[in-house]
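Data first, discussion second: the structure below is written as structure tokens.
Side chains are part of it too, since the values below use all heavy atoms of this structure and drop only hydrogens, waters and symmetry mates. No experiment lies behind these values; they were computed from the predicted model shown.
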Amino acid sequence: MQHVVMWSGGITSWATARHVIAEHGTASVTLLFADTHAEDEDLHVFNAQAAAQLGVPITRVTDPAGRDPWQVFEDKSWVGNTRIAQCSQLLKQEPCRQWLVANTVPTDTTVYVGIDWTETERLPAIVRGWAPWTVDAPLTRPPYFDKEQLRAEARAAGLIDPRLYRLGFAHNNCGGACVKGGQAQWARLLEVFPERYAKAERFEERMRVKLGKDVAILRDRRGGETKPLTLATLRRRIEFQRHAQPSLLDLIDTDDWGGCGCFTDAA
């Protein structure tokens, strides 16, 4: 049997790999990492340290053209968002599926994804999406751990705590600029990596001009109506709120972190 862990560089993929290796050893395990060319530097440091600690090298796959998410959106004439983001398919899912086709036999292979016990409702779609391979998600079963506990265990094992986590991001992916993230993620990005925010804002504005449409990465749901929310508008709201009264703080949804699900979307 082969055991292929869909390795994102996040803490749950490390915890999933640790579980699989404890159960099956290292010889039959692959840590399959799809590089988006948009990752924070600490992710690659974490990958190297984790591979050494687990005793299994990282198997890296990538888009044949070497594109990052912004280049994918440019090619597709589409602004990626929480509903549809072709980067998941073209930079993560397709390279991994191609590797699986070339290197495994579905009947003798289990694919592992790093969702945990808080996300079990996603599992049926994941299982369907990665067919004909068998899918397992060990973190959905007891004993249950939250991400803070897993981060502490990784530090105890000698691994760095990737800086995106230390800076308050929910996911260690795409340099904190995942288009599936919500307003809270982008507000944090503007605060700690303004140059990354500015790059995304410039891209979004260029695509709006190119397409001639009111499109945006984010959504504004205030007042019961959903409409596009550009990064430029969000930035101006944040800048305004720095000097606003507390009663005006509902201009930004501080609970809207969105979610990263490149491996766990339907493949």
For this session: Please lay out, stage by stage, how Arg97 and Val111 fare under the test side-chain contact (heavy atoms from CB on, under 4.5 Å).
Result: CA-CA 11 Å; Arg97 182 173 285 274; Val111 169; over 6 Å; no

Exercise. Does Glu239 pair with Arg235 as a salt bridge, N-O distance under 4.0 Å?
Worked result: yes

Exercise. Does any N or O in the side chain of Tyr165 come within less than 3.5 Å of the main-chain N or O of Ile11, such that one atom is a donor and the other an acceptor?
Worked result: yes

For this session: Identify whether the distance between the nearest side-chain nitrogen and carboxylate oxygen of Glu205 and Arg202 falls below 4.0 Å.
Result: no

Exercise. Under a 4.0 Å N-O cut-off, is there an ion pair linking Asp136 with Arg141?
Worked result: yes

For this session: Apply side-chain contact (heavy atoms from CB on, under 4.5 Å) to the pair Tyr144 and Thr118, showing each step before the final yes or no.
Result: CA-CA 9 Å; Tyr144 300 128; Thr118 66; over 6 Å; no

Exercise. With no hydrogens and no angle check, is any side-chain donor or acceptor of Gln86 less than 3.5 Å from a backbone partner on Lys76?
Worked result: no

Seminar exercise, completed: Residues at least two apart in sequence or cross-chain that pass side-chain hydrogen bond (donor to acceptor under 3.5 Å, both in side chains) with Gln71, listed by chain then number, are none

Problem set entry | Distance-only polar pair, side chains of Thr104 and Trp133, donor-acceptor under 3.5 Å | yes

For this session: Carefully, step by step, assess Met1 and Thr110 under the rule side-chain contact (heavy atoms from CB on, under 4.5 Å).
Result: CA-CA 8 Å; Met1 288 291 296; Thr110 299; 3.8 Å; yes

Exercise. What's the shortest heavy-atom distance between Gly9 and Asn47, and which atoms?
Worked result: CA-OD1, 3.5 Å

Problem set entry | Inter- and intrachain pairs under salt bridge (Lys or Arg N to Asp or Glu O under 4.0 Å), touching residues 41-51, at least two apart | Glu41-Arg163, Glu41-Arg196, Asp42-Arg166

Exercise. With Glu94, which residues qualify under side-chain hydrogen bond (donor to acceptor under 3.5 Å, both in side chains), at least two apart?
Worked result: Gln89

For this session: Measure from the side-chain N and O atoms of Gln2 to the backbone N and O of Ser28, and report whether any donor-acceptor pair falls under 3.5 Å.
Result: no

For this session: Using modelled atom types only, decide if a donor and an acceptor are shared between the side chain of Gln185 and the backbone of Gly182 within a distance under 3.5 Å.
Result: no

Exercise. Can Ile252 and Leu234 be said to form a side-chain contact (heavy atoms from CB on, under 4.5 Å), step by step?
Worked result: CA-CA 8 Å; Ile252 300 170; Leu234 180 68; 4.1 Å; yes

For this session: Fit a plane to each ring of Phe33 and His44, take the angle between them on a 0 to 90° scale, and name the class: parallel (under 30°), tilted (30 to 60°) or perpendicular (over 60°).
Result: perpendicular

Exercise. Which atoms form the tightest heavy-atom contact between Pro124 and Thr120, and what is the distance?
Worked result: CD-O, 3.7 Å

Problem set entry | Side-chain donor/acceptor of Trp78 to backbone N/O of Ile84, under 3.5 Å | yes

Exercise. Short question: side chain of Arg221, backbone of Thr226 - any donor-acceptor pair under 3.5 Å?
Worked result: no

